[in-house]
Trainee: 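To start, I am sharing the structure in question, which I have written as structure tokens.
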Amino acid sequence: MGNTDSKLNFRKAIVQLTQKNQKIDNNDDQFWDQFWQAHQTTLEDVFALVTASEIRQIRNDNPANLATLCYKAVEKLAQAVDSSCRTQAEQQCVLNCVRLLIRILPYIFEDDKWRDFFWSNLPAQEQANHGQTVPLAQSLINAICDLLFCPDFTVTATRRAGPEKAEELANIDSCEYIWEAGVGFAQSPPRNAHMERRRTELLKLLLTCFSEPMYRTPQQSEEPNKWIAYFTSADNRHALPLFTSFLNTVCSYDPVGFGVPYNHLIFADTTEPLVEACLQLLIVTLDHDMVVQHQQLQQQQQQQHQLAHAGGVLVTPYDEGGCGDNLFINYLSRVHRDEDFHFVLRGITRLLNNPLVQNYLPNSTKRLHCHQELLILFWKICDYNKKFLYFVLKSSDVLDILIPILYHLNYSRADQSRVGLMHIGVFILLLLSGERNFGVRLNKAYSATVPMDIPVFTGTHADLLITVFHKIIATGHQRLQPLFDCLLTILVNVSPYLKTLSMVASVKLLHLLEAFSTPWFLLSAPSNHHLVFFLLEIFNNIIQYQFDGNSNLVYTIIRKRHVFHAMANLPTDMAGIAKCLSGRKAGGKFNLPRVPQRKPATTTTSQELPSAQAPDDDYIDEEDEEEDDDVEDVVVNKKTAAAAAAAAAAASGTAEEDLESETESHERSQLGDTQLDTAAPVAQPAEPGTLKTSLLDTPNIGQMTEREHPHPNDKANDLSPAKSTPTLDQTRLSVAHRASIRMVPGDNDRWTPTPEWIVSWRSKLPLQTIMRLLQVLVPQVEKICIDKGLTDESEILKFLQHGTLVGLLPVPHPILIRKYQANSGTTAWFRTYIWGVIYLRNVEPAIWYDTEVKLFEIQRV
């Protein structure tokens with residue numbers, strides 16, 4: 001009853017603050033104490049009792065009242081630190097202040113006039129301290145950090161026996177009170193649910209303080225975040241124990257615990273909200289400012305230039321070169337012990353694999369939803385600590401990261417609300433693929449332990465990678481088109497190390513080439529031909545460096561040789577160009593990606609491949625039947641004899657229906673009656689009304705990777721994806737309409753190819769190696785089919801396995817890897833994505849909902 005009365009008083013006090021032109025005296029302690037004393041109001045209660053319109057009304061009509069409320073709340077927190085927050089009344093007062101500030105701060109940030117409020121000195125404070133004051137923001141952060149290591153409030157006290165031995169909070173050594181064992185700390189303190197709840201609330205306030213960039217436009221978001229800058233600076237004496245506590249709390253969390261079924265439904269888990277808060281704070285604080293970094297890099301280069309002339313040598317530590325004064329990045333970059341790396345990697349993989357774990361009892365195991373934050377954290381650790389990246393790639397442990405990434409990519413490909421998740425997964429794979437060891441690790445055999453709606457196959461992790469990438473490109477939604485360059489770059493990077501591709505993966509790769517080399521698709525946008533260059537480079541790498549084990553791919557290339565001949569003979573006269581472009585109006589051959597409004601085409605020209613004759617509008621199932629060449633496809637002509645099919649494969653490039661049937665029959669004979677994994681969750685579009693946040697444009701692959709020329713003779717022209725810098729109109733076509741084969745741009749946006757443009761890149765298609773392979777092997781395969789009267793294509797595969805092209809192929813080209821490089825585009829993209837994730841994930845209560853966010857748009861699917 002008493003608590004109900006106090007809530008009523010709290011509500012009345014809020015109403016009183018809103019009354020126009022009624023300034024409450026800041027010395028009226030009886031009035032102000034109603035907000036934080038004598039009541040126990042939960043965070044959800046505060047959000048219900050204090051409405052958004054009332055906060056805005058106080059801010060606009062009675063700004064002095066709002067200023068006093070914030071100042072008094074921060075003052076109460078500082079007083080609690082001074083008294084070491086020992087009594088229950090003080091602890092409740094702290095929690096009430098924290099909850100009120102979480103509610104109010106977003107509405108202060110959304111108004112530009114209030115932006116500097118927390119960084120200015122209040123007149124009353126200046127008078128009391130004779131002008132020597134710290135900004136309110138610093139006082140608030142200092143108080144929160146002190147309270148996060150407060151014995152008997154947020155941490156278990158280690159010293160007892162009498163009040164004279166109790167430590168003063170202001171003098172405490174917080175390194176003795178790190179929350180969990182792990183990096184840099186050996187003891188694991190006893191768990192306390194009440195303390196975990198208090199930590200979580202304090203961390204939510206910190207996160208709210210750091211969320212000021214949400215209320216700036218993407219252009220303004222490059223300004224340094226003063227809150228984070230102070231929190232991660234040497235001025236914060238708790239920086240190291242906080243960083244260690246956050247990291248260890250995340251990496252030591254085991255949601256399954258002792259494995260008792262349904263335990264998460266019986267007991268409230270106070271650790272999960274704490275882990276999520278630590279995780280979100282880590283990814284936010286590890287965001288360094290690119291402008292500051294660029295300035296430091298310039299200064300460093302100037303110093304090196306000066307010293308070079310003087311004959312000296314400048315050695316710059318990692319943290320000074322790129323991280324500024326951010327101690328969190330500094331500490332992260334300096335972790336170096338193998339046992340610490342093992343602890344971090346094991347923790348991240350345990351949590352990432354949690355949603356993939358299968359149980360006989362439905363819903364018996366706790367499911368986490370923080371995979372996006374975990375992927376961002378993994379990305380940042382790899383980016384800032386190269387020793388960790390090399391540790392991950394040193395063993396097959398990297399595959400424990402790969403599988404959950406591919407699971408989420410595959411499952412999210414049809415859901416427009418998960419575009420950001422698709423990007424972060426692809427960016428991580430791009431980063432990993434820049435290292436040779438990643439390609440080597442992909443050769444490990446894959447056992448289908450994780451359910452995915454892809455063909456069941458026998459093969460390696462490389463086969464899984466290619467199969468999932470094909471699924472994304474063939475059945476993903478339109479907003480994934482800017483990722484096509486990245487997906488193919490990853491495959492290019494790993495291709496020189498892939499020892500054996502399965503028939504499934506080989507057919508997938510050829511299908512991509514067939515789709516992207518369709519003449520009217522090649523000519524529909526100024527950079528579509530880059531995709532073909534990437535795919536040809538993949539084939540060349542495998543043929544030159546891994547020919548012996550890849551008879552499946554060689555056989556598939558022989559079957560589909562007409563695709564390569566068609567590319568070499570792409571028309572360059574205006575009449576031929578016009579004929580190619582008219583294919584768009586007839587519906588074309590491939591659905592990359594699907595646009596449901598279009599009706600299936602019913603006619604095809606004689607050159608078109610039956611495997612892709614009829615574009616259909618079913619999102620996944622029918623698409624696989626008609627265009628994928630998958631193992632799960634329906635056999636086109638079941639009565640076709642295996643001998644005729646094999647002979648057709650060798651003797652003629654026209655009997656495509658038989659070839660399709662023959663490949664599928666081979667895969668069936670090899671793998672049994674292969675089909676989709678029926679237990680797998682099927683990728684579904686987002687539910688109507690699902691909230692999502694907008695993202696910045698995906699940076700160009702040339703900006704994201706080191707600029708190396710992937711094609712030997714490409715230096716004279718800006719044709720390689722790495723050097724391409726299209727004009728604004730071209731960019732819009734290549735990004736917005738990349739591979740939108742069914743989309744017709746408006747007349748004003750239509751891009752017209754010229755014969756000169758086609759000749760300029762067609763002559764540089766790296767076809768020499770493949771044409772030489774076809775020239776040597778096709779006659780041999782034709783002869784063996786006719787001479788032996790083969791009835792089974794496995795004989796051809798056996799022949800190819802024992803064949804060799806030593807001395808017959810052109811001189812092997814050097815392996816060129818496109819390594820990820822940090823750039824302002826991805827930094828800005830990540831900042832927008834991170835805050836979008838945090839906005840959507842904090843729903844109980846929804847801290848930033850209904851505020852005027854400017855960094856991104858909140859949209860409904």
Trainee: Does the side chain of Met214 reach to within under 4.5 Å of the side chain of Trp848, using non-hydrogen atoms?
Mentor: yes
Trainee: For a quick check under 3.5 Å, do Ser412 and Asp415 share a side-chain donor-acceptor pair by atom type?
Mentor: no
Trainee: Answer yes when Asp111 and Arg56 have at least one side-chain N-carboxylate O distance shorter than 4.0 Å, and no when they do not.
Mentor: no
Trainee: Parallel, tilted or perpendicular: which one describes the rings of Phe231 and Phe328, with boundaries at 30° and 60°?
Mentor: tilted
Trainee: Using a distance-only test with no angle check, is there a side-chain donor-acceptor pair under 3.5 angstrom linking Trp829 and Thr698?
Mentor: no
Trainee: Are Arg103 and Glu54 close enough, and set up right, to give a salt bridge (charged side-chain N to carboxylate O under 4.0 Å, His left out), and what steps lead you there?
Mentor: CA-CA 11 Å; Arg103 182 60 173 147; Glu54 286 172 332; over 6 Å; no
Trainee: Side chain of Arg199, backbone of Thr154: donor and acceptor closer than 3.5 Å?
Mentor: yes
Trainee: Do the charged groups of Glu110 and Arg216 touch, with an N to O distance under 4.0 Å?
Mentor: no
Trainee: Does Asn326 reach the main-chain N or O of Ser233 with its side chain, forming a donor-acceptor pair under 3.5 Å?
Mentor: no
Trainee: Mark yes when over 12 heavy atoms from residues, nucleotides or ligands other than Gln79 sit less than 6.0 Å from its CD; otherwise mark no.
Mentor: yes
Trainee: Kindly state whether the ring of His423 and the ring of Tyr833 have centres lying under 6.0 angstrom apart.
Mentor: no
Trainee: Side chains of Gln92 and Asn96: donor-acceptor distance under 3.5 Å anywhere?
Mentor: yes
Trainee: If the plane angle is over 60° it's perpendicular, under 30° parallel, otherwise tilted; pick one for Phe10 and His39.
Mentor: tilted
Trainee: How long is the span from the NZ atom in Lys380 to the CD1 atom in Ile329, to the nearest 0.5 Å?
Mentor: 7.0 Å
Trainee: Under the 3.5 angstrom rule, does the side chain of Asn842 hit a backbone N or O of Ile838 as a donor-acceptor pair?
Mentor: yes
Trainee: To the nearest 0.5 Å, what is the distance between NE2 (His238) and CG (Asp173)?
Mentor: 9.5 Å
Trainee: Could you tell me if Arg191 and Thr271 have a donor-acceptor pair between their side chains, going purely by distance under 3.5 Å?
Mentor: yes
Trainee: Side chain of Trp32, backbone of Asp25: donor and acceptor closer than 3.5 Å?
Mentor: yes
Trainee: Using a 3.5 Å distance criterion without hydrogens, assess whether the side chain of Ser84 forms a donor-acceptor pair with backbone atoms of Ala80.
Mentor: no
Trainee: Answer yes or no: is there a donor N or O on one side and an acceptor on the other, between the side chain of Gln34 and the main chain of Phe31, under 3.5 Å?
Mentor: yes
Trainee: In terms of side-chain heavy atoms, does Thr270 have a donor or acceptor partner in Glu196 at a distance below 3.5 Å?
Mentor: yes
Trainee: Find the distance between CZ (Phe35) and CG (Leu100) and round it off to the nearest 0.5 Å.
Mentor: 7.0 Å
Trainee: If you draw a 6.0 Å radius around OH in Tyr849, do more than 12 non-hydrogen atoms from other residues or ligands fall strictly inside?
Mentor: no
Trainee: Measure up the Tyr215 and Phe109 rings against each other and bin them: parallel (under 30°), tilted (30 to 60°), perpendicular (over 60°).
Mentor: tilted
Trainee: So Glu212 and Lys226, salt bridge (charged side-chain N to carboxylate O under 4.0 Å, His left out) or not? Walk me through it.
Mentor: CA-CA 9 Å; Glu212 191 181 342; Lys226 292 182 187 176; over 6 Å; no
Trainee: For a 4.5 angstrom cut-off between non-hydrogen side-chain atoms, does Leu101 reach Thr208?
Mentor: no
Trainee: Regarding Asn248 and Tyr253, do their side chains bring together a donor and an acceptor under 3.5 Å, going by distance alone?
Mentor: no
Trainee: Could you check whether any side-chain N or O of Asn62 sits under 3.5 Å from a backbone N or O of Leu17, counting only pairs where one atom can act as donor and the other as acceptor?
Mentor: yes
Trainee: May I ask you to say whether Asp112 pairs ionically with Lys854, meaning some side-chain N is under 4.0 Å from a carboxylate O?
Mentor: yes
Trainee: When rounded to the nearest 0.5 angstrom, what distance separates SG in Cys70 from CD1 in Ile104?
Mentor: 5.0 Å
Trainee: Donor-acceptor pair, Arg198 side chain versus Phe153 backbone, under 3.5 Å?
Mentor: yes
Trainee: When you check the gap from the basic side-chain N to the acidic O, do Arg115 and Glu223 get nearer than 4.0 Å?
Mentor: no
Trainee: So, Gln19 and Asp61: side-chain donor and acceptor under 3.5 Å apart, yes or no?
Mentor: no
Trainee: Backbone N or O of Asn142 within a donor-acceptor pair of the Asn236 side chain at under 3.5 Å?
Mentor: no
Trainee: Is the shortest heavy-atom distance from the side chain of Tyr177 to the side chain of Pro151 under 4.5 Å?
Mentor: yes
Trainee: Decide salt bridge (charged side-chain N to carboxylate O under 4.0 Å, His left out) for Lys72 and Asp29; before the verdict, give the C-alpha distance in whole Å, the side-chain angles of both, and the deciding distance to 0.1 Å.
Mentor: CA-CA 9 Å; Lys72 290 278 186 185; Asp29 289 339; 3.4 Å; yes
Trainee: Would you say the ring centers of Trp227 and Phe118 fall short of 6.0 Å from each other?
Mentor: yes
Trainee: Are the side chain of Asn385 and the backbone N or O of Val335 linked by a donor-acceptor pair below 3.5 Å?
Mentor: yes
Trainee: Between Arg86 and Glu90 (salt bridge meaning N to carboxylate O under 4.0 Å), is one present in this structure?
Mentor: no
Trainee: When you compare the side chain of Arg11 with that of Val15, does any pair of heavy atoms fall below 4.5 Å?
Mentor: yes
Trainee: Calculate, to the nearest 0.5 Å, the distance between atoms CG and CG belonging to Leu147 and Leu95 respectively.
Mentor: 9.5 Å
Trainee: Report yes if some heavy atom in the side chain of Arg841 is under 4.5 Å from a heavy atom in the side chain of His369; otherwise report no.
Mentor: yes
Trainee: Relative to the ring of Phe830, is the ring of Phe427 parallel (under 30°), tilted (30 to 60°) or perpendicular (over 60°)?
Mentor: tilted
Trainee: Could you state the interatomic distance from CG (Leu205) to OG1 (Thr200), rounded to the nearest 0.5 Å?
Mentor: 13.0 Å
Trainee: For Asp45, is there an ion pair with Arg99 - N to carboxylate O distance below 4.0 angstrom?
Mentor: no
